[in-house]
Amino acid sequence: MAVGKMAVAVVPSGWWRRWQWCLSARDGSRMLLLLLLLGSWQWPRQVGAGQTFEYLKREHSLSKPYQGVGTGSSSLWNLMGNAMVMTQYIRLTPDMQSKQGALWNRVPCFLRDWELQVHFRIHGQGKKNLHGDGLAIWYTKDRMQPGPVFGNMDKFVGLGVFVDTYPNEEKQQEAQKRRYSPGVQRVFPYISAMVNNGSLSYDHERDGRPTELGGCTAIVRNLHYDTFLVIRYVKRHLTVMMDIDGKHEWRDCIEVPGVRLPRGYYFGTSSITGDLSDNHDIISLKLFELTVDRTPEEEKLHRDVFMPSVDNMKLPEMTAPLVPLSGLALFLIVFFSLVFSVFAIVIGIILYNKWQEQSRKRFY
């Protein structure tokens with residue numbers, strides 16, 4: 001599927017009957033009503049042989065003029081930190097040091113198969129390797145939780161896709177007078193993906209290498225044309241593609257089968273700057289529901305899951321945090337421990353005295 005290409009839609013038969021009825025009638029009010037209905041219809045678009053149609057989900061989508069963004073009860077999107085709504089984009093962070101911002105959808109997503117198209121722009125005054133740090137797109141259990149991972153919490157639960165613009169590990173290697181082998185070194189900016197069940201930390205010093213599912217180089221800074229990223233989740237198959245060359249066609253970046261993501265999580269995007277900075281702008285987020293044909297065997301196989309995981313990739317088991325003891329519980333534990341200790345000492349003395357008496361009788 002190419003960005004900007006016109007898709008052919010299948011017109012339902014009911015719409016054709018209404019059109020004929022309106023043509024046969026010479027009533028202007030009927031024609032006006034039909035036009036209003038056509039304007040409110042969300043036309044399906046065909047997306048490929050594996051899927052049938054995709055439908056835009058407005059409650060999970062965002063585009064100009066950015067209505068529904070704010071803090072009110074009717075808002076579908078919330079801003080956090082330094083994020084600002086502008087005329088042509090939503091700026092997560094400005095090109096300034098130590099800024100942090102995020103944009104989160106308020107409506108949980110219960111779709112089984114979906115595709116998120118992200119129209120973004122990263123630009124700033126920084127020259128080669130003097131800019132950072134990038135942005136992230138999230139599908140997670142928790143929302144509006146600021147933290148060190150591109151502006152979001154560490155040890156998140158869900159999916160993170162990162163557009164990393166600064167090579168932390170490479171700079172550390174250079175500072176230690178060490179060099180990468182050609183097969184290991186990356187070219188930044190770099191896109192990677194990570195699935196977490198809440199037990200993993202994102203390793204900033206190694207740019208997320210230990211936990212990434214895959215990645216690719218993506219030269220996205222200071223471009224004079226639109227840049228897009230698409231995240232597609234179909235039949236537990238995660239695909240990340242990009243359109244960053246100005247050619248209006250998708251290019252593969254990440255493809256991972258066996259990804260299990262629960263339903264009911266939230267979409268969001270975030271960014272953070274440190275000593276280095278950039279403008280991180282979100283122009284639009286468009287989520288599409290994908291209608292997918294499944295066999296009965298696939299229906300059984302693709303049942304709902306309750307914790308994110310990846311087949312053939314062992315994620316550490318989550319350990320529940322210990323609940324702190326109340327004052328009464330702590331007192332009772334100490335009290336009964338002392339009573340038990342005293343009781344054990346008394347029993348020990350009695351047994352020792354009996355043993356001594358029996359020893360004296362045997363001696364005499």
Looking only at the side chains, is there a donor atom on one of [X] and [Y] sitting less than 3.5 Å from an acceptor on the other?
X	Y	answer
H131	Q125	no
T269	W138	no
D154	S201	yes
T93	N82	no
R143	N105	no

task: Mind checking ring-ring contact (aromatic ring centres under 6.0 Å, His included) for H123 and listing every partner two or more places apart, or none if nothing turns up?
output: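 Testing H123 for ring-ring contact (aromatic ring centres under 6.0 Å, His included), a comparison that skips the adjacent residues, returns none.
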Supply the atom-to-atom distance [X] [atom1] to [Y] [atom2], rounded to the nearest 0.5 angstrom.
X	Y	atom1	atom2	result
R106	M144	CZ	CE	9.5 Å
H280	K99	NE2	NZ	14.0 Å
D113	E289	CG	CD	8.5 Å

- prompt: Hey, quick one: are V220 and V240 part of the same hydrophobic cluster, counting side-chain heavy atoms closer than 4.5 Å, chains of contacts allowed?
  reply: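 Same hydrophobic cluster.
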- request: May I ask you to test the T211-D203 pair for a side-chain heavy-atom distance under 4.5 Å?
  value: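 Answer no - side chains too far apart.
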message: Between D243 and R251 (salt bridge meaning N to carboxylate O under 4.0 Å), is one present in this structure?
response: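 A salt bridge is absent here (no side-chain N lies under 4.0 Å from a carboxylate O).
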- prompt: With the threshold set at 4.0 Å, does a side-chain nitrogen-carboxylate oxygen contact exist between E212 and R206?
  reply: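 Not counted as a salt bridge, because no side-chain N and carboxylate O are separated by less than 4.0 Å.
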Residue pairs involving residues 57-85 (criterion ring pair (Phe, Tyr, Trp, His ring centres under 6.0 Å); sequence neighbours excluded):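 Ring pair (Phe, Tyr, Trp, His ring centres under 6.0 Å) check on residues 57-85 returns no pairs.
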query: Do F162 and Y202 make the cut of ring centroids closer than 6.0 angstrom?
result: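 Yes, they do, as the ring centres are separated by less than 6.0 Å.
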Aromatic contact, W114 with Y139 (centres under 6.0 Å):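 Aromatic pair counts; centres sit under 6.0 Å.
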- request: Give the minimum heavy-atom separation between I272 and F150, together with the two atoms involved.
  value: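 Looks like CG2-CA, 3.6 Å.
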message: Just checking E205: does its CD atom have more than 12 heavy atoms from other residues, nucleotides or ligands closer to it than 6.0 angstrom?
response: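 It does not: E205 CD has 12 such atoms or fewer within range.
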